[in-house]
Protein chains: 2
Amino acid sequence: MSPNQYDPFKAAFDSLEEFADLISHVLNCPITIEDANHRLLAYSTHDERTDPARISTIIGRRVPEKVINQLWKEGTIPALLKTREPIRVKNMNDIGLNHRVAISIWKQEEVLGFIWAIEIDKILTEEDFDLLKKAADAAKNKLLQLQTRKNKKEEHSQEFFWKLLTGHLKGEKEIFSNFQSLQISPSPSFAVAVFQFQQNITSKEEQNISYLLKTSQLMKIMLYTIDCNQLILLVSAANSDVPFQEFDQFIQTFVVKMSERYGVSGITPVYSSLYIDYQKIDKAYKETLSVLSIKEKFPHETKDIFTYQKLGIYQLFEVILEKRQAEEYENYSLKKLYEYDQKHNSNLIETLEVFLNKDHNINETAKALNVHANTLNYRLKRISEIGDVNFKDPNQKMILYLDLKLKRYQDI
Amino acid sequence: MSPNQYDPFKAAFDSLEEFADLISHVLNCPITIEDANHRLLAYSTHDERTDPARISTIIGRRVPEKVINQLWKEGTIPALLKTREPIRVKNMNDIGLNHRVAISIWKQEEVLGFIWAIEIDKILTEEDFDLLKKAADAAKNKLLQLQTRKNKKEEHSQEFFWKLLTGHLKGEKEIFSNFQSLQISPSPSFAVAVFQFQQNITSKEEQNISYLLKTSQLMKIMLYTIDCNQLILLVSAANSDVPFQEFDQFIQTFVVKMSERYGVSGITPVYSSLYIDYQKIDKAYKETLSVLSIKEKFPHETKDIFTYQKLGIYQLFEVILEKRQAEEYENYSLKKLYEYDQKHNSNLIETLEVFLNKDHNINETAKALNVHANTLNYRLKRISEIGDVNFKDPNQKMILYLDLKLKRYQDI
DNA sequence: ATTCCATTTGGGGATTTTCACAAACTGTTC
DNA sequence: GAACAGTTTGTGAAAATCCCCAAATGGAAT
């Protein structure tokens with residue numbers, strides 16, 4: 001009979017594990033089955049031959065991130081997402097990967113998961129490839145069942161998350177019982193992170209995001225949802241002394257990967273402070289929205305700031321701006337300096353601003369302005385004369401700095 | 001006949017000038033008559049003999065301030081305000097004052113003015129003294145007339161000023177016609193000054209204030225009024241480049257004199273920015289009240305600040321405080337440092353505050369804290385580690401400073 | 001054209017600041 | 001009481017900053 005007609009996978013099977021063993025038996029090599037997010041679904045056990053990457057995958061119940069990264073870079077995963085044919089992966093010793101063959105499991109235009117066959121003793125033939133395609137086809141239905149079950153869970157989790165974000169769920173007990181029913185173990189402290197996209201997030205992007213989040217092992221994402229152009233996450237925070245560093249790394253990685261892998265750029269990431277009390281998720285969420293709003297107003301000044309705590313005085317800009325506008329205040333020193341600049345077309349204001357930005361460091365300021373340090377000193381002397389500014393008074397300097405930044409914003 | 005019965009001043013006279021000439025004729029010496037505020041009311045002209053002080057008085061239509069100051073210090077004016085007897089003043093060449101005799105003009109318990117007799121050729125005798133007393137008595141009625149006329153004007157001016165302060169008088173024309181009818185020439189720019197007393201101002205103090213203001217030649221006071229414990233002034237500002245200095249000197253002098261001469265201490269002086277538009281007096285007034293309110297909250301920090309412009313960041317404290325309380329924000333760095341201080345009973349917070357107060361000057365801070373400069377450096381290094389503070393970032397430093405001051409205030 | 005004023009740049013020395021290291025001290029823990 | 005981490009102080013040399021002076025530039029006013 002022709003290979004195309006023979007299909008050993010038509011038989012019914014109860015679990016994916018059983019199915020994995022069946023494939024392993026037919027092809028005579030170790031098999032692992034993953035979902036679309038590289039989470040381990042099943043693996044063959046009849047065979048003891050394996051490689052380090054497979055061991056890590058089985059132990060961690062997911063493919064290690066460095067392996068995923070490597071497979072992305074090297075082109076295997078992109079290929080699997082494109083074609084329904086088996087793909088051969090060469091030996092990659094540096095990440096403990098032997099020769100293997102992979103195939104994606106499709107349902108219409110969507111990839112549901114992957115089957116991996118490791119070529120330990122034998123090299124798979126063309127016929128084996130054909131069998132693999134049949135196996136992938138047979139796996140489809142089983143994976144679909146898993147998917148729908150998960151979707152239901154997902155919907156519940158979405159509702160739960162929004163209740164938390166909007167502060168509609170009070171009472172610690174209620175919150176924790178919800179977590180439990182979702183089989184999520186809430187960490188002792190958390191933060192809310194928001195990634196703001198330039199456009200509304202499409203369902204295609206949603207899949208990519210989901211994939212990225214699930215494969216990221218940097219941070220534990222407890223819950224996530226999408227709201228127009230914002231991706232909102234509930235992230236568990238390690239009890240480390242420097243939680244900020246972890247967060248920074250996580251959001252940077254996410255943004256970079258979204259750009260590199262899917263060509264989505266212009267994402268603004270922010271995250272909240274650390275919280276212990278899960279009843280304060282709404283506060284954390286508001287915090288992130290506030291950061292986004294301020295970053296929109298002062299994009300340049302805050303481009304390296306992703307959290308409320310680090311916003312510094314920009315935390316206060318909205319409220320100060322409001323006050324200033326209400327009282328029609330004008331900073332006397334700045335006014336004088338501005339007038340002087342106009343009259344003599346000098347640039348005392350600019351000099352002052354750079355000087356304050358550079359934390360009163362003469363040398364750096366001079367460098368930034370491309371002038372001699374003595375020139376700068378002279379100008380500063382003039383500024384203190386004309387604007388009646390005492391550079392030794394932190395109080396005066398601060399208000400000057402604030403009013404300068406406010407003016408800059410208002411002038412735009 | 002006895003000297004007590006003979007009274008050459010019983011005759012009717014039309015003007016004070018005529019009366020001054022009459023006294024001069026009787027006593028055979030130059031005479032000047034002043035009101036209670038040392039404003040020149042009349043002087044004898046039949047006699048050409050005089051001294052420099054009298055010349056200045058006549059030319060300026062008031063006694064020069066340095067002469068007044070001298071007469072206060074030396075005790076003449078205090079004596080005149082106590083007794084109804086003539087007082088002899090010795091030669092004071094440094095201020096151009098010859099020997100002279102003065103007497104106060106009384107109406108019940110209030111001094112209405114003074115008569116001065118200059119002893120150019122002759123020394124006044126006991127009899128002359130007696131005549132002088134009679135002259136003072138005769139002058140009383142004439143001065144009372146002037147007083148009531150002035151009181152009416154005063155009442156109108158009070159009403160006018162309050163309309164301006166409360167913003168109930170709009171329209172430049174209307175304002176200027178009011179000034180004109182009060183015979184006040186408004187200066188091109190002005191400011192509002194407020195002196196806040198510790199207790200409500202008594203009518204006795206009111207007289208003293210009025211006297212001080214009228215004799216002060218440092219500043220031109222266009223209008224003034226009293227509101228409970230506040231003395232409110234409309235002051236004309238010179239077009240000088242450094243108007244602040246003048247104001248500062250004026251308010252200091254006023255406060256010092258109120259204390260020295262009348263024993264009234266604890267006066268808080270403030271003044272507004274310079275304004276050109278007389279329709280904005282209400283804004284200027286509000287500004288002064290705002291400064292007073294902030295000075296009440298941060299008396300120590302603002303003890304050398306008397307104007308809104310110089311308040312620096314304290315301008316913003318009320319609004320920031322409000323915001324912070326609304327958002328339940330806590331500065332992460334400060335929290336960490338505070339916890340560290342508690343645990344190790346160190347004083348990182350204090351160190352940080354002094355350091356920021358001293359404008360990042362290591363030496364001054366070390367001196368203020370009574371520690372070695374290296375100790376300070378070590379502490380700062382620890383602060384930046386524990387609190388995750390980057391001292392090179394002005395933004396971070398500012399918010400730290402602000403939150404520190406806010407905390408200080410809230411802790412009280 | 002000349003003068004005047006404000007500005008820029010350079011040099012060089014006095015002064016301060018910075019930094020690394022050593023030593024001593026303190027309070028805590030085992 | 002020994003060990004230890006954390007803190008304070010001292011020393012000295014390298015680095016930087018500050019400050020004064022002089023010279024050059026350039027624009028505006030006379």
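Sequence lines set the chain letters: A, B, ... in the order given, protein chains first and strands last, and positions in each chain run from 1.
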- Query: Regarding A:Tyr401 and B:Asn395, is there a side-chain donor-to-acceptor distance under 3.5 Å anywhere?
  - Reply: no
With the criterion being N/O to N/O and under 3.5 Å, what pairs connect the protein with nucleotides 22-30 of chain C, and how long is each?
none

- Message: Can you measure A:Lys343 atom NZ to D:dA28 atom C1' for me and round it to whole angstrom units?
- Response: 12 Å
- Message: The criterion is side-chain contact (heavy atoms from CB on, under 4.5 Å); which residues satisfy it with B:Ser185, sequence neighbours excluded?
- Response: B:Lys220
- Output yes when a side-chain donor or acceptor of B:Gln309 lies under 3.5 Å from a complementary backbone atom of A:Glu330, and no otherwise. yes
- Query: Can A:Lys407 be said to sit on top of A:Tyr338's aromatic six-ring, NZ or CZ under 6.0 Å from centre and within 45° of the ring axis?
  - Reply: yes
- Item | Pair A:Ser346-A:Asp341, side-chain donor/acceptor within less than 3.5 Å | yes
- Item | Between C:dG10 (P) and A:Asn377 (CG): distance, integer Å | 14 Å
- Item | Pairs involving residues 344-354 of chain A, ordered by first then second residue, that meet salt bridge (Lys or Arg N to Asp or Glu O under 4.0 Å) (sequence neighbours left out) | A:Glu353-A:Lys405, A:Glu353-A:Arg408
- Item | For A:Ser384, side-chain hydrogen bond (donor to acceptor under 3.5 Å, both in side chains) partners two or more places apart | none
- Message: Nearest 0.5 angstrom please: A:Ile294 CD1 to A:Ile305 CD1, how far?
- Response: 9.5 Å
- Message: Rounded to the nearest 0.5 Å, what separates atom CG in B:Asp94 from atom NZ in B:Lys66?
- Response: 8.5 Å
- Which of B:Glu287, B:Lys280, B:Lys283 passes side chain to side chain donor-acceptor pair (under 3.5 Å) with B:Ser273? Answer is B:Glu287
Any protein N or O atoms within reach of nucleotides 13-17 of chain D? Criterion: under 3.5 Å, listing atom names and distances.
from: D:dA16; atom 1: O3'; to: A:Asn363; atom 2: ND2; distance (Å): 3.2
from: D:dT17; atom 1: OP2; to: A:Asn363; atom 2: ND2; distance (Å): 2.9

Detail all sub-3.5 Å separations between protein N/O atoms and N/O atoms belonging to nucleotides 6-12 of chain D.
from: D:dG6; atom 1: O3'; to: B:Tyr340; atom 2: OH; distance (Å): 3.3
from: D:dT7; atom 1: OP1; to: B:Tyr340; atom 2: OH; distance (Å): 2.7
from: D:dT7; atom 1: OP2; to: B:Tyr340; atom 2: OH; distance (Å): 3.3
from: D:dT7; atom 1: OP2; to: B:Tyr378; atom 2: OH; distance (Å): 3.0
from: D:dT7; atom 1: OP2; to: B:Arg382; atom 2: NE; distance (Å): 2.7
from: D:dT7; atom 1: OP2; to: B:Arg382; atom 2: NH2; distance (Å): 3.4
from: D:dT8; atom 1: OP1; to: B:Arg379; atom 2: NH2; distance (Å): 3.0
from: D:dT8; atom 1: OP2; to: B:Arg379; atom 2: NE; distance (Å): 3.2
from: D:dT9; atom 1: OP2; to: B:His372; atom 2: N; distance (Å): 3.2
from: D:dT9; atom 1: OP2; to: B:Thr375; atom 2: OG1; distance (Å): 2.8
from: D:dG10; atom 1: N7; to: B:Asn374; atom 2: ND2; distance (Å): 3.2
from: D:dG10; atom 1: O6; to: B:Asn374; atom 2: ND2; distance (Å): 2.7
from: D:dT11; atom 1: O4; to: B:Asn374; atom 2: ND2; distance (Å): 2.7

- Between C:dA6 atom P and A:Glu385 atom CD, what is the distance in whole Å? 10 Å
